[in-house]
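What you see below is based on every heavy atom in this structure, not just the backbone, and it leaves out hydrogens, waters and symmetry mates. Computed from a predicted model, the values in this text were never measured in an experiment. Within every chain, numbering begins at 1; the chains are lettered A, B, ... in the order of the sequence lines, protein sequences first and strands thereafter.
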Protein chains: 2
Amino acid sequence: MAYATNCWAVLADPTRRTIFERLIEHPSAVSELARGLPVSRPAVSQHLKVLKDAGLVIDRPAGKQRIYQVDPEGLAAFRAELDRFWSKTLATYKTVVEQPT
Amino acid sequence: MAYATNCWAVLADPTRRTIFERLIEHPSAVSELARGLPVSRPAVSQHLKVLKDAGLVIDRPAGKQRIYQVDPEGLAAFRAELDRFWSKTLATYKTVVEQPT
DNA sequence: GTAACGCGTAAATGATGGCTTACGCGACCA
DNA sequence: TGGTCGCGTAAGCCATCATTTACGCGTTAC
């Protein structure tokens, strides 16, 4: 389902990444998200569609509204993708990258 | 120096990510990279410029050639950026995301 | 029923970005 | 001193994409 490889591009857009981070904090409806962003509501809808196609969020109807929330499964897939990336890197740059943050 | 915030967009492009991963394995000249990629040599040069501006790679002249390699410092900065992202996520989705890969 | 609300989607637009070709510059070699 | 090689960069093209406005559909409230 979740094409974790594409998550790089999906999360590259700042607006979309902000939306995703807000959904991490708590599930939200579309208008609620749009209210805190400098873009229109349809723009938020389209970003949510991209996030949904990537398997990063799921949605459920709630009366007039539609609640979006992070999909733990897709999130885990992306985490795995990033882990592969870093494990390759660590083999060469272990000492530097593992420094305390 | 390194704007780690932009690394999301920098590594979003598959070609650029491939270049970066090859540089992780070993430093390379431009033509050497281009030889193993489906794009032209100038395209590789432009990707390398983006990676360099982001602080992810450094270059040094070597006769006629120009050797590019990963900048450990920029890499650590990006690692820190991703760590911030995940630490936020883990607060909510700890159990799911931390499953063994 | 009818009005208002929340949402998704189509269409149009402007901007961004990756790619190629063409060119010019410095470094090596005969 | 020519000629070749490796590279960066400018110019232009084309695709992608983020965004807005306009519209239509389902849901709730009166």
Where do B:Ile67 and B:Ala62 come nearest, in terms of heavy atoms and distance?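 Heavy atoms of B:Ile67 and B:Ala62 come nearest at CG1-CB, 3.7 Å.
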B:Gly36 to B:Arg22 - nearest heavy-atom pair and separation: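 Smallest heavy-atom distance, with atoms named: O-NH1, 3.1 Å.
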Please state how far atom [atom1] in [X] lies from atom [atom2] in [N], giving the value in whole angstrom units.
X       : N      : atom1 : atom2 : value
A:Ile67 : C:dG8  : CD1   : C1'   : 15 Å
A:Lys52 : C:dT9  : NZ    : C1'   : 13 Å
A:Tyr68 : C:dC7  : OH    : C1'   : 8 Å
B:Leu37 : C:dT20 : CG    : P     : 11 Å
A:Leu51 : C:dG8  : CG    : P     : 12 Å
A:Gln65 : C:dC5  : CD    : P     : 13 Å
B:Lys64 : C:dA27 : NZ    : P     : 12 Å
B:Arg66 : D:dG8  : CZ    : P     : 6 Å

Has the side chain of B:Arg16 got a donor or acceptor atom that lies under 3.5 Å from a matching backbone atom of B:Val10?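 Yes, B:Arg16 side chain to B:Val10 backbone: donor-acceptor pair under 3.5 Å.
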Under 4.0 Å from any atom of DNA chain D, heavy atoms only: list the residues of residues 20-28 of chain B that qualify, in numerical order.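 Per residue number, the list is empty: none.
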Give a yes/no answer on whether the side chain of B:Ser45 brings an N or O atom under 4.0 Å of OP1 or OP2 in D:dC7.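 So the side-chain polar atoms of B:Ser45 never come under 4.0 Å of the phosphate oxygens OP1 or OP2 of D:dC7.
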Between A:Phe78 and B:Trp86, how do the two ring planes meet: parallel, tilted or perpendicular, split at 30° and 60°?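 Ring orientation, 0 to 90° scale: tilted.
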Is it true that B:Asp13 and B:Arg17 make a salt bridge, defined as a side-chain N closer than 4.0 Å to a carboxylate O?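 No.
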Summary of protein contacts for nucleotides 14-25 of chain D, nucleotide by nucleotide, where a base hit scores B, a sugar-phosphate-only hit scores S (4.0 Å, heavy atoms): ----SBBBB---
